[in-house]
Trainee: 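Quick one: the structure is below, and I'll ask about it shortly.
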Amino acid sequence: MEATVVETGTEGKTWGGANQPLKASYGKMMMWFFIVSDALTFSGFLASYGFSRFKFIDSWPIADEVFTHFPFLHGVEAPMYYVAFMTFILIFSSVTMVLAVDAGHKMQQNKVIIYMFLTIIGGFIFVGSQAWEWSTFIKGEFGAVETKGGRILQFLDTEGERVAIADFAASIPSERQYQTENEGLWYESGSTQTTFNFEEVKAGFLANDNLLVRTQYLNEHGEPTVLSREESIAKLTNEGKLVVEGANLQHNEYGPPLFADFFFFITGFHGFHVLSGVIINCIIFFNVIIGTYERRGSYEMVEKVGLYWHFVDLVWVFVFTFFYLV
Amino acid sequence: MAHDNHNLAIFRGTWKFKNNQSKIWGVFIVLSVITIVEVALGIIRPEFLTDNTFLAMRLLNWVFIILTIVKAYYITWDFMHMRDEKSGLRRSVVWTAVFLIAYLVLILLIEGDYIFEVYKENFIKFDF
(Lines give C-alpha, C1' and ligand atoms only; values in the text may rest on other atoms or scores of the structure.)
Protein backbone atom coordinates (compact mmCIF):
# COMPACT_ATOMS: atom_id res chain seq x y z
CA MET A 1 0.00 0.00 0.00
CA GLU A 2 1.27 3.44 -0.79
CA ALA A 3 1.76 5.80 2.01
CA THR A 4 -0.27 8.84 1.11
CA VAL A 5 0.53 10.99 4.11
CA VAL A 6 4.08 10.86 5.28
CA GLU A 7 4.37 14.12 7.14
CA THR A 8 1.71 15.40 9.51
CA GLY A 9 3.52 18.42 10.77
CA THR A 10 3.15 17.21 14.33
CA GLU A 11 6.33 15.18 14.65
CA GLY A 12 7.94 15.43 18.01
CA LYS A 13 4.76 16.74 19.60
CA THR A 14 2.90 14.66 22.20
CA TRP A 15 0.25 13.39 19.79
CA GLY A 16 2.53 13.22 16.80
CA GLY A 17 2.89 9.45 16.92
CA ALA A 18 5.86 7.23 17.64
CA ASN A 19 5.44 8.08 21.27
CA GLN A 20 5.60 5.27 23.82
CA PRO A 21 4.09 6.74 26.96
CA LEU A 22 3.98 3.36 28.75
CA LYS A 23 7.48 2.33 27.62
CA ALA A 24 6.29 -1.22 27.06
CA SER A 25 6.24 -3.24 23.88
CA TYR A 26 2.94 -4.21 22.28
CA GLY A 27 3.25 -7.86 23.29
CA LYS A 28 4.02 -7.12 26.89
CA MET A 29 1.19 -4.65 27.23
CA MET A 30 -1.27 -7.12 25.73
CA MET A 31 -0.04 -9.76 28.15
CA TRP A 32 -0.79 -7.35 30.98
CA PHE A 33 -4.27 -6.63 29.69
CA PHE A 34 -4.93 -10.34 29.23
CA ILE A 35 -3.85 -10.84 32.83
CA VAL A 36 -6.29 -8.15 33.99
CA SER A 37 -9.19 -9.84 32.21
CA ASP A 38 -8.16 -13.28 33.47
CA ALA A 39 -7.89 -11.89 36.98
CA LEU A 40 -11.48 -10.71 36.65
CA THR A 41 -12.55 -14.22 35.60
CA PHE A 42 -10.92 -15.69 38.68
CA SER A 43 -12.37 -13.04 40.94
CA GLY A 44 -15.78 -13.88 39.48
CA PHE A 45 -15.24 -17.49 40.59
CA LEU A 46 -13.89 -16.58 44.01
CA ALA A 47 -16.54 -13.93 44.64
CA SER A 48 -19.32 -16.38 43.80
CA TYR A 49 -17.65 -18.84 46.15
CA GLY A 50 -17.82 -16.13 48.82
CA PHE A 51 -21.46 -15.51 47.91
CA SER A 52 -22.39 -19.18 48.38
CA ARG A 53 -20.42 -19.36 51.55
CA PHE A 54 -22.17 -16.35 53.04
CA LYS A 55 -25.45 -17.93 51.96
CA PHE A 56 -24.61 -21.03 54.03
CA ILE A 57 -22.44 -19.23 56.57
CA ASP A 58 -23.76 -21.32 59.49
CA SER A 59 -23.07 -24.70 57.90
CA TRP A 60 -20.06 -24.41 55.60
CA PRO A 61 -17.42 -27.17 55.94
CA ILE A 62 -14.14 -26.34 57.70
CA ALA A 63 -11.27 -26.76 55.26
CA ASP A 64 -8.95 -27.98 58.04
CA GLU A 65 -11.14 -31.05 58.46
CA VAL A 66 -11.49 -31.74 54.75
CA PHE A 67 -7.91 -31.48 53.55
CA THR A 68 -6.03 -33.51 56.13
CA HIS A 69 -4.14 -35.92 53.93
CA PHE A 70 -0.51 -36.16 53.00
CA PRO A 71 0.88 -38.65 50.47
CA PHE A 72 2.40 -41.80 52.03
CA LEU A 73 1.16 -40.79 55.49
CA HIS A 74 -2.05 -42.73 55.62
CA GLY A 75 -4.23 -42.09 58.63
CA VAL A 76 -2.06 -39.25 59.91
CA GLU A 77 -3.89 -35.99 60.50
CA ALA A 78 -1.91 -33.41 58.56
CA PRO A 79 -4.19 -30.43 58.04
CA MET A 80 -3.01 -28.17 55.24
CA TYR A 81 0.62 -29.31 55.17
CA TYR A 82 0.21 -30.62 51.66
CA VAL A 83 -1.35 -27.44 50.28
CA ALA A 84 1.35 -25.43 52.03
CA PHE A 85 3.89 -27.63 50.25
CA MET A 86 2.12 -26.97 46.93
CA THR A 87 2.20 -23.23 47.63
CA PHE A 88 5.96 -23.38 48.21
CA ILE A 89 6.47 -25.32 44.99
CA LEU A 90 4.62 -22.67 43.04
CA ILE A 91 6.37 -19.73 44.73
CA PHE A 92 9.71 -21.38 44.16
CA SER A 93 8.98 -21.99 40.48
CA SER A 94 8.09 -18.29 40.30
CA VAL A 95 11.52 -17.48 41.71
CA THR A 96 13.30 -19.62 39.11
CA MET A 97 11.15 -18.02 36.41
CA VAL A 98 12.10 -14.50 37.44
CA LEU A 99 15.74 -15.60 37.61
CA ALA A 100 15.38 -16.85 34.02
CA VAL A 101 13.99 -13.46 33.00
CA ASP A 102 16.89 -11.76 34.75
CA ALA A 103 19.40 -14.00 32.98
CA GLY A 104 17.61 -13.22 29.71
CA HIS A 105 18.19 -9.51 30.19
CA LYS A 106 21.88 -10.25 30.47
CA MET A 107 21.74 -12.51 27.37
CA GLN A 108 23.01 -15.55 29.30
CA GLN A 109 21.48 -18.36 27.26
CA ASN A 110 22.67 -21.25 29.44
CA LYS A 111 21.35 -19.75 32.65
CA VAL A 112 17.98 -19.13 31.01
CA ILE A 113 17.88 -22.79 29.99
CA ILE A 114 18.63 -24.03 33.52
CA TYR A 115 16.16 -21.74 35.25
CA MET A 116 13.35 -22.39 32.78
CA PHE A 117 13.92 -26.11 33.14
CA LEU A 118 13.54 -25.82 36.93
CA THR A 119 10.37 -23.77 36.44
CA ILE A 120 8.84 -26.45 34.22
CA ILE A 121 9.72 -29.17 36.76
CA GLY A 122 8.01 -27.11 39.48
CA GLY A 123 4.93 -26.76 37.30
CA PHE A 124 4.74 -30.51 36.75
CA ILE A 125 5.08 -31.21 40.48
CA PHE A 126 2.27 -28.77 41.18
CA VAL A 127 -0.10 -30.26 38.58
CA GLY A 128 0.67 -33.75 39.89
CA SER A 129 -0.01 -32.66 43.46
CA GLN A 130 -3.31 -31.21 42.43
CA ALA A 131 -4.28 -34.47 40.71
CA TRP A 132 -3.51 -36.32 43.94
CA GLU A 133 -5.52 -33.78 45.93
CA TRP A 134 -8.48 -34.26 43.61
CA SER A 135 -8.36 -38.03 43.79
CA THR A 136 -8.24 -37.94 47.60
CA PHE A 137 -11.15 -35.51 47.67
CA ILE A 138 -13.24 -37.58 45.25
CA LYS A 139 -12.56 -40.83 47.10
CA GLY A 140 -13.41 -39.41 50.51
CA GLU A 141 -12.49 -41.04 53.79
CA PHE A 142 -15.35 -41.40 56.27
CA GLY A 143 -18.57 -41.30 54.27
CA ALA A 144 -21.75 -39.60 55.47
CA VAL A 145 -25.52 -39.66 55.24
CA GLU A 146 -27.49 -37.08 53.32
CA THR A 147 -30.87 -35.96 54.67
CA LYS A 148 -34.03 -35.42 52.65
CA GLY A 149 -33.22 -31.70 52.69
CA GLY A 150 -29.78 -32.30 51.23
CA ARG A 151 -27.87 -31.72 54.49
CA ILE A 152 -24.94 -33.91 55.53
CA LEU A 153 -24.80 -35.98 58.73
CA GLN A 154 -21.40 -37.26 59.81
CA PHE A 155 -20.60 -39.83 62.48
CA LEU A 156 -18.48 -39.53 65.60
CA ASP A 157 -17.72 -41.77 68.54
CA THR A 158 -18.19 -40.52 72.08
CA GLU A 159 -14.59 -39.27 72.20
CA GLY A 160 -15.36 -36.92 69.34
CA GLU A 161 -13.31 -38.79 66.73
CA ARG A 162 -14.71 -39.22 63.24
CA VAL A 163 -15.87 -42.76 62.43
CA ALA A 164 -16.04 -44.17 58.91
CA ILE A 165 -19.36 -45.74 57.94
CA ALA A 166 -17.49 -48.83 56.77
CA ASP A 167 -16.48 -49.44 60.40
CA PHE A 168 -19.99 -49.82 61.80
CA ALA A 169 -22.46 -50.40 58.96
CA ALA A 170 -24.35 -53.68 59.27
CA SER A 171 -24.37 -56.05 56.36
CA ILE A 172 -27.90 -56.76 55.18
CA PRO A 173 -27.94 -59.17 52.26
CA SER A 174 -29.98 -57.86 49.39
CA GLU A 175 -30.70 -59.11 45.93
CA ARG A 176 -29.63 -56.91 43.10
CA GLN A 177 -30.26 -58.06 39.58
CA TYR A 178 -27.95 -56.94 36.85
CA GLN A 179 -29.45 -56.51 33.42
CA THR A 180 -28.07 -55.31 30.17
CA GLU A 181 -29.48 -53.33 27.31
CA ASN A 182 -30.20 -56.30 25.04
CA GLU A 183 -32.51 -57.92 27.60
CA GLY A 184 -35.36 -55.43 27.43
CA LEU A 185 -37.33 -53.08 25.24
CA TRP A 186 -36.59 -50.07 27.36
CA TYR A 187 -33.31 -49.63 29.19
CA GLU A 188 -32.01 -46.97 31.53
CA SER A 189 -28.71 -47.38 33.29
CA GLY A 190 -28.85 -47.17 37.05
CA SER A 191 -26.82 -44.86 39.29
CA THR A 192 -23.58 -45.86 40.95
CA GLN A 193 -24.07 -47.84 44.14
CA THR A 194 -22.38 -46.89 47.38
CA THR A 195 -20.61 -49.62 49.34
CA PHE A 196 -23.38 -49.58 51.95
CA ASN A 197 -26.97 -48.51 51.56
CA PHE A 198 -28.84 -46.30 53.99
CA GLU A 199 -30.63 -49.19 55.73
CA GLU A 200 -27.29 -50.85 56.53
CA VAL A 201 -25.84 -47.65 57.95
CA LYS A 202 -28.96 -47.05 60.03
CA ALA A 203 -28.95 -50.59 61.44
CA GLY A 204 -25.26 -50.34 62.26
CA PHE A 205 -25.76 -46.97 63.92
CA LEU A 206 -28.63 -48.24 66.11
CA ALA A 207 -26.57 -51.27 67.14
CA ASN A 208 -23.57 -49.22 68.33
CA ASP A 209 -24.38 -47.14 71.42
CA ASN A 210 -21.20 -45.09 71.29
CA LEU A 211 -21.98 -43.39 67.98
CA LEU A 212 -23.22 -39.84 67.60
CA VAL A 213 -24.34 -37.70 64.67
CA ARG A 214 -22.67 -34.47 63.82
CA THR A 215 -24.61 -31.94 61.76
CA GLN A 216 -23.13 -29.21 59.62
CA TYR A 217 -24.46 -26.38 61.76
CA LEU A 218 -21.67 -24.43 63.44
CA ASN A 219 -21.91 -23.46 67.10
CA GLU A 220 -20.66 -20.17 68.52
CA HIS A 221 -17.04 -21.40 68.46
CA GLY A 222 -17.35 -22.19 64.77
CA GLU A 223 -17.39 -25.96 65.33
CA PRO A 224 -20.03 -28.32 63.89
CA THR A 225 -22.80 -29.27 66.31
CA VAL A 226 -22.72 -32.77 67.81
CA LEU A 227 -26.12 -34.20 68.76
CA SER A 228 -26.87 -36.32 71.82
CA ARG A 229 -27.53 -40.05 71.32
CA GLU A 230 -31.34 -39.63 71.38
CA GLU A 231 -31.28 -36.65 69.04
CA SER A 232 -28.87 -38.53 66.78
CA ILE A 233 -31.18 -41.52 66.46
CA ALA A 234 -34.19 -39.28 65.78
CA LYS A 235 -32.32 -37.22 63.22
CA LEU A 236 -30.93 -40.21 61.37
CA THR A 237 -34.11 -42.30 61.27
CA ASN A 238 -36.49 -39.45 60.45
CA GLU A 239 -34.43 -37.40 58.03
CA GLY A 240 -31.70 -39.62 56.63
CA LYS A 241 -32.09 -40.56 53.02
CA LEU A 242 -28.97 -41.81 51.28
CA VAL A 243 -25.33 -42.66 51.85
CA VAL A 244 -22.64 -40.43 50.40
CA GLU A 245 -19.06 -41.59 49.90
CA GLY A 246 -16.54 -39.09 48.58
CA ALA A 247 -17.57 -36.29 46.27
CA ASN A 248 -19.02 -35.60 42.87
CA LEU A 249 -20.93 -32.63 41.48
CA GLN A 250 -24.25 -33.67 43.02
CA HIS A 251 -23.29 -35.01 46.45
CA ASN A 252 -20.31 -34.85 48.73
CA GLU A 253 -19.63 -36.09 52.21
CA TYR A 254 -18.10 -32.80 53.35
CA GLY A 255 -21.07 -30.42 53.21
CA PRO A 256 -23.30 -28.56 50.74
CA PRO A 257 -22.94 -29.78 47.11
CA LEU A 258 -21.77 -26.26 46.23
CA PHE A 259 -18.62 -26.82 48.29
CA ALA A 260 -17.42 -29.62 46.03
CA ASP A 261 -18.66 -27.81 42.92
CA PHE A 262 -16.55 -24.77 43.70
CA PHE A 263 -13.61 -26.92 44.70
CA PHE A 264 -13.68 -28.66 41.32
CA PHE A 265 -14.28 -25.53 39.29
CA ILE A 266 -11.86 -23.13 40.96
CA THR A 267 -8.92 -25.47 41.57
CA GLY A 268 -9.64 -27.12 38.22
CA PHE A 269 -9.61 -23.82 36.36
CA HIS A 270 -6.41 -22.87 38.14
CA GLY A 271 -4.86 -26.27 37.45
CA PHE A 272 -5.73 -25.82 33.79
CA HIS A 273 -3.89 -22.49 33.86
CA VAL A 274 -0.85 -24.18 35.40
CA LEU A 275 -0.97 -26.88 32.73
CA SER A 276 -1.19 -24.36 29.88
CA GLY A 277 1.56 -22.35 31.58
CA VAL A 278 3.78 -25.44 31.61
CA ILE A 279 3.06 -26.06 27.91
CA ILE A 280 3.82 -22.45 26.94
CA ASN A 281 6.95 -22.60 29.11
CA CYS A 282 8.05 -25.74 27.24
CA ILE A 283 7.63 -24.03 23.87
CA ILE A 284 9.68 -21.03 24.97
CA PHE A 285 12.21 -23.37 26.62
CA PHE A 286 12.86 -25.18 23.34
CA ASN A 287 13.09 -21.86 21.54
CA VAL A 288 15.75 -20.79 24.02
CA ILE A 289 17.66 -24.04 23.47
CA ILE A 290 17.71 -23.71 19.69
CA GLY A 291 18.85 -20.12 20.07
CA THR A 292 15.86 -18.26 18.62
CA TYR A 293 16.10 -15.41 21.10
CA GLU A 294 19.87 -15.32 20.95
CA ARG A 295 19.55 -14.58 17.21
CA ARG A 296 16.71 -12.15 17.80
CA GLY A 297 18.87 -10.30 20.27
CA SER A 298 16.19 -10.09 22.94
CA TYR A 299 14.72 -12.48 25.48
CA GLU A 300 11.47 -10.58 25.82
CA MET A 301 9.41 -13.70 25.06
CA VAL A 302 10.79 -15.25 28.25
CA GLU A 303 9.64 -12.17 30.12
CA LYS A 304 6.12 -12.37 28.65
CA VAL A 305 5.66 -16.04 29.48
CA GLY A 306 7.13 -15.20 32.88
CA LEU A 307 4.36 -12.66 33.43
CA TYR A 308 1.78 -15.36 32.77
CA TRP A 309 3.55 -17.80 35.08
CA HIS A 310 3.69 -15.29 37.93
CA PHE A 311 0.02 -14.57 37.40
CA VAL A 312 -0.76 -18.26 37.90
CA ASP A 313 1.20 -18.10 41.16
CA LEU A 314 -0.67 -14.94 42.14
CA VAL A 315 -4.03 -16.62 41.62
CA TRP A 316 -2.94 -19.61 43.69
CA VAL A 317 -2.10 -17.29 46.59
CA PHE A 318 -5.74 -16.20 46.60
CA VAL A 319 -7.18 -19.69 46.04
CA PHE A 320 -5.03 -20.95 48.92
CA THR A 321 -6.37 -18.27 51.24
CA PHE A 322 -10.03 -18.48 50.35
CA PHE A 323 -10.28 -22.24 49.99
CA TYR A 324 -7.94 -23.56 52.64
CA LEU A 325 -7.38 -20.85 55.25
CA VAL A 326 -10.38 -18.56 55.67
CA MET B 1 12.71 -4.34 29.60
CA ALA B 2 16.05 -4.55 27.92
CA HIS B 3 17.41 -1.96 30.27
CA ASP B 4 18.92 -2.53 33.68
CA ASN B 5 17.42 0.22 35.78
CA HIS B 6 15.73 -2.06 38.32
CA ASN B 7 14.46 -0.48 41.47
CA LEU B 8 16.40 -2.52 44.00
CA ALA B 9 14.76 -1.54 47.28
CA ILE B 10 11.74 -3.05 49.01
CA PHE B 11 9.85 -2.08 52.21
CA ARG B 12 9.67 1.56 51.06
CA GLY B 13 13.41 1.71 50.53
CA THR B 14 14.46 0.33 53.92
CA TRP B 15 15.78 -2.94 52.49
CA LYS B 16 18.18 -2.35 49.61
CA PHE B 17 19.83 -4.99 47.46
CA LYS B 18 23.08 -4.96 45.51
CA ASN B 19 21.69 -6.54 42.36
CA ASN B 20 18.45 -7.87 40.91
CA GLN B 21 19.21 -11.50 41.72
CA SER B 22 19.69 -10.90 45.41
CA LYS B 23 16.47 -8.87 45.40
CA ILE B 24 14.63 -11.88 43.95
CA TRP B 25 15.91 -14.09 46.77
CA GLY B 26 15.02 -11.42 49.31
CA VAL B 27 11.44 -11.30 48.04
CA PHE B 28 11.33 -15.10 48.10
CA ILE B 29 12.26 -15.01 51.78
CA VAL B 30 9.53 -12.45 52.47
CA LEU B 31 6.90 -14.57 50.68
CA SER B 32 8.03 -17.75 52.45
CA VAL B 33 7.88 -16.15 55.88
CA ILE B 34 4.36 -14.86 55.20
CA THR B 35 3.22 -18.29 54.00
CA ILE B 36 4.71 -20.01 57.05
CA VAL B 37 2.93 -17.53 59.32
CA GLU B 38 -0.35 -18.16 57.52
CA VAL B 39 -0.08 -21.94 57.78
CA ALA B 40 0.95 -21.76 61.44
CA LEU B 41 -2.01 -19.50 62.26
CA GLY B 42 -4.30 -21.81 60.28
CA ILE B 43 -3.21 -24.82 62.31
CA ILE B 44 -3.06 -23.18 65.75
CA ARG B 45 -6.14 -20.95 65.27
CA PRO B 46 -5.53 -18.77 68.37
CA GLU B 47 -8.76 -18.22 70.29
CA PHE B 48 -8.15 -14.52 70.59
CA LEU B 49 -8.31 -14.25 66.80
CA THR B 50 -11.16 -16.71 66.19
CA ASP B 51 -13.52 -15.42 68.88
CA ASN B 52 -13.31 -11.72 68.06
CA THR B 53 -14.82 -10.27 64.95
CA PHE B 54 -14.47 -7.08 62.97
CA LEU B 55 -17.10 -6.12 60.38
CA ALA B 56 -18.86 -9.51 60.76
CA MET B 57 -15.67 -11.45 60.04
CA ARG B 58 -13.27 -13.19 62.42
CA LEU B 59 -10.02 -11.34 63.09
CA LEU B 60 -8.14 -14.45 61.91
CA ASN B 61 -9.75 -14.20 58.49
CA TRP B 62 -8.84 -10.52 58.28
CA VAL B 63 -5.24 -11.44 59.09
CA PHE B 64 -5.26 -14.08 56.33
CA ILE B 65 -6.73 -11.69 53.75
CA ILE B 66 -4.34 -8.86 54.58
CA LEU B 67 -1.32 -11.20 54.44
CA THR B 68 -2.57 -12.49 51.08
CA ILE B 69 -2.78 -8.99 49.66
CA VAL B 70 0.74 -8.29 50.94
CA LYS B 71 1.93 -11.43 49.15
CA ALA B 72 0.09 -10.42 45.98
CA TYR B 73 1.78 -7.01 46.16
CA TYR B 74 5.28 -8.47 46.25
CA ILE B 75 4.56 -11.00 43.49
CA THR B 76 3.21 -8.25 41.23
CA TRP B 77 5.72 -5.57 42.12
CA ASP B 78 8.91 -7.60 42.15
CA PHE B 79 8.34 -10.85 40.23
CA MET B 80 6.23 -9.20 37.54
CA HIS B 81 8.44 -6.06 37.61
CA MET B 82 5.54 -3.68 38.24
CA ARG B 83 7.97 -1.64 40.36
CA ASP B 84 9.98 -0.87 37.24
CA GLU B 85 7.08 -0.02 34.92
CA LYS B 86 5.79 3.44 34.07
CA SER B 87 3.15 4.66 36.50
CA GLY B 88 0.64 4.85 33.62
CA LEU B 89 0.88 1.14 32.89
CA ARG B 90 0.87 0.29 36.58
CA ARG B 91 -2.26 2.30 37.28
CA SER B 92 -4.17 1.12 34.22
CA VAL B 93 -3.63 -2.47 35.35
CA VAL B 94 -3.86 -2.23 39.13
CA TRP B 95 -6.55 0.40 39.64
CA THR B 96 -8.89 -1.18 37.09
CA ALA B 97 -8.60 -4.63 38.62
CA VAL B 98 -8.78 -3.45 42.22
CA PHE B 99 -11.85 -1.30 41.63
CA LEU B 100 -13.81 -3.94 39.71
CA ILE B 101 -12.92 -6.78 42.07
CA ALA B 102 -13.69 -4.76 45.20
CA TYR B 103 -17.09 -3.80 43.79
CA LEU B 104 -17.94 -7.35 42.71
CA VAL B 105 -16.95 -8.83 46.05
CA LEU B 106 -18.86 -6.18 47.98
CA ILE B 107 -22.20 -6.65 46.20
CA LEU B 108 -21.98 -10.44 46.09
CA LEU B 109 -21.15 -10.80 49.78
CA ILE B 110 -23.94 -8.43 50.81
CA GLU B 111 -26.38 -10.37 48.63
CA GLY B 112 -25.18 -13.71 50.02
CA ASP B 113 -25.67 -12.48 53.56
CA TYR B 114 -29.18 -11.26 52.69
CA ILE B 115 -30.16 -14.66 51.26
CA PHE B 116 -28.81 -16.32 54.40
CA GLU B 117 -31.10 -14.13 56.49
CA VAL B 118 -34.09 -14.99 54.29
CA TYR B 119 -33.44 -18.70 54.70
CA LYS B 120 -32.95 -18.34 58.43
CA GLU B 121 -35.65 -15.92 59.56
CA ASN B 122 -38.49 -16.11 57.10
CA PHE B 123 -41.29 -18.58 56.81
CA ILE B 124 -39.53 -21.00 54.54
CA LYS B 125 -39.23 -24.63 55.51
CA PHE B 126 -35.65 -25.24 54.53
CA ASP B 127 -34.13 -27.77 56.86
CA PHE B 128 -36.28 -30.88 56.65
Side-chain angles (χ1 to χ4, degrees), chain A residues 21-24 28-29 32-33 35-36 39-40 43-44 46-48 50-58 63-64 79-81 83-84 87-88 91-92 94-95 97-99 101-102 105-106 147-149 151 221-222 239 298 300 303 306-307 310-311 313-314 317-318 320-322 324-326, chain B residues 1-4 6 19-21 24-25 27-28 31-32 35-36 38-39 41-43 45 47 50-51 57-58 60-61 64-65 67-68 71-72 75-76 78-81 85-86 88-89 92-94 96-97 100-101 104-105 107-116 119-120 125-128:
Chain A
L22 299 182
K23 294 277 185 295
K28 205 168 117 183
M29 210 153 76
W32 267 115
F33 292 155
I35 286 173
V36 170
L40 293 174
S43 24
L46 283 173
S48 54
F51 169 82
S52 305
R53 194 171 162 166
F54 267 53
K55 194 167 136 186
F56 298 109
I57 195 78
D58 60 349
D64 270 13
M80 291 200 315
Y81 289 118
V83 239
T87 308
F88 272 110
I91 291 179
F92 194 73
S94 246
V95 170
M97 186 77 231
V98 75
L99 287 171
V101 173
D102 186 65
H105 288 160
K106 297 174 189 148
T147 68
K148 291 168 190 158
R151 296 310 180 112
H221 298 296
E239 298 177 15
S298 153
E300 208 194 53
E303 190 178 338
L307 280 180
H310 297 311
F311 170 69
D313 181 27
L314 183 70
V317 164
F318 282 92
F320 175 62
T321 300
F322 291 112
Y324 298 96
L325 290 176
V326 167
Chain B
M1 215 171 20
H3 41 84
D4 284 318
H6 291 292
N19 56 43
N20 197 33
Q21 268 170 321
I24 293 166
W25 288 110
V27 172
F28 173 62
L31 294 177
S32 305
T35 307
I36 290 167
E38 279 182 337
V39 172
L41 281 176
I43 290 167
R45 302 187 86 83
E47 277 189 15
T50 51
D51 291 352
M57 197 159 68
R58 289 195 200 101
L60 186 64
N61 289 356
F64 285 147
I65 289 169
L67 288 179
T68 303
K71 257 165 54 172
I75 290 173
T76 319
D78 291 306
F79 286 177
M80 297 167 102
H81 300 303
E85 302 291 355
K86 282 288 215 180
L89 177 60
S92 65
V93 168
V94 176
T96 312
L100 290 173
I101 292 169
L104 180 74
V105 168
I107 53 171
L108 277 185
L109 293 190
I110 290 175
E111 182 69 11
D113 187 52
Y114 165 73
I115 293 178
F116 167 72
Y119 280 161
K120 195 178 168 203
K125 181 73 174 155
F126 186 67
D127 182 31
F128 53 90

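Each chain gets a letter, A, B and so on, in the order the sequences are listed, and its residues count up from 1.
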Trainee: Between B:Glu38 and B:Thr68, which heavy-atom pair has the shortest distance, and what is it?
Mentor: OE2-OG1, 3.4 Å

Trainee: Quick check on A:Ile35 against chain B: is it the side chain, the backbone, both or neither that has a heavy atom closer than 4.5 Å?
Mentor: side chain

Trainee: What part of A:Phe88 gets closer than 4.5 Å to chain B, counting heavy atoms only: side chain, backbone, both or neither?
Mentor: side chain

Trainee: Going by the rule salt bridge (Lys or Arg N to Asp or Glu O under 4.0 Å), which residues pair with A:Asp58 if we only count those two or more places apart in sequence or in a different chain?
Mentor: none

Trainee: Taking all heavy atoms of B:Ile101 and all of A:Ala39, pick out the closest pair and write down the distance.
Mentor: CD1-O, 4.5 Å

Trainee: Determine the interplanar angle of the A:Phe322 and A:Phe318 rings, folded into 0 to 90°, and report it as parallel if under 30°, tilted if 30 to 60°, perpendicular if over 60°.
Mentor: parallel

Trainee: How long is the straight-line distance from NE2 of B:His81 back to OG1 of B:Thr76, given to the nearest 0.5 Å?
Mentor: 12.0 Å

Trainee: Quick check for you: among A:Leu307, A:Leu99, A:Leu40, which has the greatest number of heavy-atom pairs under 4.5 Å with chain B?
Mentor: A:Leu99

Trainee: Report which part of A:Val317 has an atom under 4.5 Å of a heavy atom belonging to chain B: side chain, backbone, both, or neither.
Mentor: both

Trainee: Relative to chain B, which of A:Asp313, A:Val36, A:Val83, A:Leu314 shows the most heavy atom pairs under 4.5 Å?
Mentor: A:Leu314

Trainee: Do you know which of B:Ala72, B:Ala97, B:Ser92 has the most heavy-atom pairs under 4.5 Å to chain A?
Mentor: B:Ala72

Trainee: Would you call A:Glu300 and A:Lys28 a salt bridge, using N to O less than 4.0 angstrom?
Mentor: no

Trainee: In terms of heavy-atom pairs under 4.5 Å with chain A, which of B:Leu109, B:Thr96, B:Asp113 leads?
Mentor: B:Leu109

Trainee: What part of A:Phe311 gets within 4.5 angstrom of chain B, counting heavy atoms only: side chain, backbone, both, or neither?
Mentor: both

Trainee: Could you tell me which portion of A:Phe92 (side chain, backbone, both or neither) has an atom closer than 4.5 angstrom to a non-hydrogen atom of chain B?
Mentor: both

Trainee: Between A:Arg151 and A:Glu239, is the closest basic N to carboxylate O distance under 4.0 Å?
Mentor: no

Trainee: Run the side-chain hydrogen bond (donor to acceptor under 3.5 Å, both in side chains) test against B:Asn19 and tell me which residues pass, sequence neighbours left out.
Mentor: B:Ser22

Trainee: With only heavy atoms counted, which part of B:Leu60 is less than 4.5 Å from chain A, the side chain, the backbone, both or neither?
Mentor: neither

Trainee: Under 4.5 Å heavy-atom distance to chain B, tell me which part of A:Met97 shows up: side chain, backbone, both or neither.
Mentor: neither

